[in-house]
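Since the structure comes first, as structure tokens, the remarks are kept for the end.
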Protein chains: 2
Amino acid sequence: MTERLIDPDSLKLAQPCPIRDVLDRVGDQWSLLVLGMLEPRTKRFNELMREIGDISKQMLSRTLKRLEQDGFVARTVYPEVPPRVEYTLTDLGRSFLDPLKQLVGWADVNHRAIVAARRSYETSAERA
Amino acid sequence: MTERLIDPDSLKLAQPCPIRDVLDRVGDQWSLLVLGMLEPRTKRFNELMREIGDISKQMLSRTLKRLEQDGFVARTVYPEVPPRVEYTLTDLGRSFLDPLKQLVGWADVNHRAIVAARRSYETSAERA
DNA sequence: TCCATAGGTCTATTTAATAGACCTGATATG
DNA sequence: CATATCAGGTCTATTAAATAGACCTATGGA
């Protein structure tokens, strides 16, 4: 345990790979899903909750906040009671749909192959 | 809390959206990164560890195992001592690189805009 | 009077990720 | 001969994150 003047990790964190930075954000449990949900039109908080079905309030709230921070989504509050809040894709968010669609298209085409691979792995694992 | 014959959630879990199924797998902290690392050539475990730098052994092990299960990656063990294990992209894994590259390209182009959005959000948050 | 509403936040519990010790067994070193 | 080293992991203990669900707000309606 020797002391050192500069911790190498601090450098890494100070200048992270831009691609990792972006992928870490959108590549979480829910972001891609929410962005997909917002494609057809502006939606409200509870509407997203219902459509996704198995996300917790807190996670939806956090996910939307991050997407807003990163400029993917715009949040509009109407000062009514009960409150009304609408979420819309920004131009940046909309431009992201293009690569996202490629990904979804790939997933759609290759899902069967993946399921097959899982089964094959399971059966071949009966070597234990 | 009434009893019911069928839990609706069980149906949801039994027949998940194929796209969510796939995206949940690749859309975790490390999978995309590992797939990217394997693009140029076959690599060994510790080689991946070193290149990624901030992944734990256990997570790399788990990530590789899932990628193998899902058919993205092939694992070859050479029965030597000390052991040698190589990881290679399968055809399926390689085909996934195409949409992944789109995503990486987008991230590369739009990273600046995202960083700018974060800063703008921070300053505008001085309304508290 | 008191309940319902939309969009959250707060807290307690469950789950996942990290760090790091430990294991293997053939070869190299002292 | 005893010991240290190598790669590729697994196991355990600690720390961080996700979930579930109570709670809050202020207004309009029963």
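Note that the structure is a prediction, hence the values are computed from the model and not measured. To find a chain, count down the sequence lines: A is the first, B the second, and so on, and within it residues start at 1.
Inter-residue side-chain proximity for B:Leu38 and B:Thr42 is flagged as unmet; no heavy-atom pair is nearer than 4.5 Å. Side-chain contact between A:Asp98 and B:Trp106 is absent, with no heavy-atom pair separated by less than 4.5 Å.
Of all heavy-atom pairs between A:Glu51 and A:Met37, the closest is OE1-SD, 3.2 Å.
Remark: A:Ser31 OG to B:Leu23 CG distance equals 11.5 Å, nearest 0.5 Å.
Residue A:Ser56 has its side chain nearest to D:dT19 when only D:dG9, D:dT19, C:dG8 are considered. Considering only side-chain atoms of B:Val81, the nucleotide from C:dG7, D:dT19, C:dA26 that sits closest is C:dA26. Taking every side-chain heavy atom of B:Arg84 into account, D:dG8 is the closest of D:dA26, C:dG25, D:dG8. Among the nucleotides C:dA6, C:dG8, C:dT18, the one closest to the side chain of A:Phe45 is C:dG8. Checking C:dG25, D:dT10, C:dG8 against every side-chain atom of A:Arg75, the shortest atom distance belongs to C:dG8. Closest approach to the A:Pro82 side chain among D:dG9, D:dA7, C:dT5 is made by C:dT5 (side chain taken as heavy atoms from C-beta onward). Checked against D:dG9, C:dG8, C:dA17, the side chain of B:Met59 finds its nearest nucleotide in C:dA17.
Rounding to whole angstrom units, CG of residue A:Leu64 and P of C:dG8 are separated by 8 Å. The CD atom of A:Glu47 sits 17 Å away from the C1' atom of C:dG8 (whole-angstrom rounding). With rounding to whole Å, A:Asp28 atom CG is found 13 Å from D:dA17 atom P. Rounded to a whole Å, the CG atom of A:Asn46 is 9 Å from the P atom of C:dG8. One can place CE of A:Met49 at 13 Å from P of C:dT9, the figure rounded to the nearest angstrom. Put simply, CZ on A:Arg62 is 16 Å from C1' on C:dG7, counting in whole angstrom units. Computed from coordinates, the B:Tyr78 OH to D:dG8 P distance equals 12 Å when rounded to whole Å. Whole-Å rounding puts the A:Lys57 NZ to D:dT19 C1' distance at 14 Å.
An OP1 or OP2 oxygen of D:dA17 is reached within less than 4.0 angstrom by no side-chain nitrogen or oxygen of A:Trp30. Taking 4.0 angstrom as the limit, B:Ser61 places a side-chain polar atom (N or O) nearer than this to OP1 or OP2 of D:dT10.
Salt-bridge check for A:Arg41 with A:Glu47: passed, with a basic side-chain N closer than 4.0 Å to an acidic carboxylate O. Using a 4.0 Å cut-off between charged side-chain N and carboxylate O, B:Arg118 and A:Asp21 make a salt bridge.
Comparing A:Pro83 and A:Lys65 by the nucleotide of DNA chain C that holds the closest heavy atom to each, the one mapping nearer the 5' end is A:Pro83. When the nearest nucleotides of DNA chain D are assigned to B:Gln58 and B:Arg44 by heavy-atom distance, the more 5′-ward of the two goes with B:Arg44.
No donor-acceptor contact under 3.5 Å links the side chain of A:Glu80 to the base of C:dT5. Within 3.5 Å, no donor on the side chain of B:Gln29 pairs with an acceptor on the base of C:dT18, nor the reverse.
Note on B:Tyr87: only backbone sugar-phosphate atoms sit closer than 4.0 angstrom, heavy atoms only; bases stay farther off.
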